[in-house]
Amino acid sequence: MPTVRLGDFTCGYDDRGAGPAVVWLHGFPFHRGMWAPQLDALSRDHRILAPDLRGFGESDRTSGPYTMERYADDVAALLDALALPLAVVGGLSMGGYVALALVRRHRDRVRGLLLVDTRAEADTPEARERRRTTAHRARQEGVSVLIDELLPRLVSDETRRERPEVVSRLRQIMESAHPESVAAALAGMALRPDARDLLPRVRVPALVLVGEHDALTPPEVAQAMCDAIPGARRVVICGAGHVSNLERPDAFNAAVHPFLRELR
Ligand code: MLT
């Protein structure tokens, strides 16, 4: 796995294939390992990059909060370090918040957008309060608090029944998260601005993907986001929950592949 120094931290990332660059940004509290099925399937005609966002996976932990703006600047710094002027940017859930922050702050670096199981709205006051409580508990009791709370809501019943290995993999990924990084990302997500004003001003091709049974960012949320982005398309991944790329990788990749091909 390559690493690169980006300002105040060392970033671990995957870098596979050759061709136009696609950067996948992981959700919370995951790491780049969640993109394994896309690294394999999409790197035949694209250069697929998947960084560990600061604090997660093999990337260094720094002091928080990890705001979406800070993460977006880290991604722009990664593109600079790799001499890539442009990339298609895809993000799942928190990764989608970062992708939208990247559009706001570094619009000229974004060649296309893949918004996966995510939303443009900011947190409600209640959601912010919940994040504060979860961050406190994660610090006191460890990340198992978060796993117990979040994992049952992440995947669909079908996935739980038919692909238990996906649940085990997610658990393993989540268990590797450091409580301080969890708290820093929760604080950063609570601070994120509403991105709905940005959607009508997206000028690049966009694909919105959502699991049919996504309980955290349901299909109607994805539809509203899609309706607000000029020319965007939405694809519902049948049988998947919130982690659609891992739960139904074949359907997910089959939706992404033509989008990337058209962009070439
Ligand atoms: C994620 O999957 O990244 C999280 O559910 C995002 C969030 O907590 O808003």
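Keep in mind that what you see is a predicted model, and the values were worked out from it rather than measured. When a ligand or atom number is given, it counts from 1 through the structure's own listing order.
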Considering only residues two or more places apart or on different chains, which pairs with a residue in residues 218-246 satisfy salt bridge (charged side-chain N to carboxylate O under 4.0 Å, His left out)? Arg233-Glu262
Filter on salt bridge (charged side-chain N to carboxylate O under 4.0 Å, His left out), then keep only pairs touching residues 237-253, sequence neighbours left out; what's left? Glu162-Arg248
Taking Asp148 first and then Arg137, would you say they form a salt bridge - that is, a charged N and a carboxylate O separated by under 4.0 Å? no
What residues come within 4.0 Å of ligand 1, counting heavy atoms only? Gly27, Phe28, Ser93, Met94, Tyr97, Arg131, Met189, Leu216, His242
Can you sort out the partners of Asp45 under salt bridge (charged side-chain N to carboxylate O under 4.0 Å, His left out), two or more places apart, ordered by chain and number? none
For the residue pair Tyr66 and Tyr71, is the inter-centroid distance of their aromatic rings smaller than 6.0 Å? yes
Less than 4.5 Å apart, side chain to side chain, heavy atoms only: is that true for His213 and Pro219? no
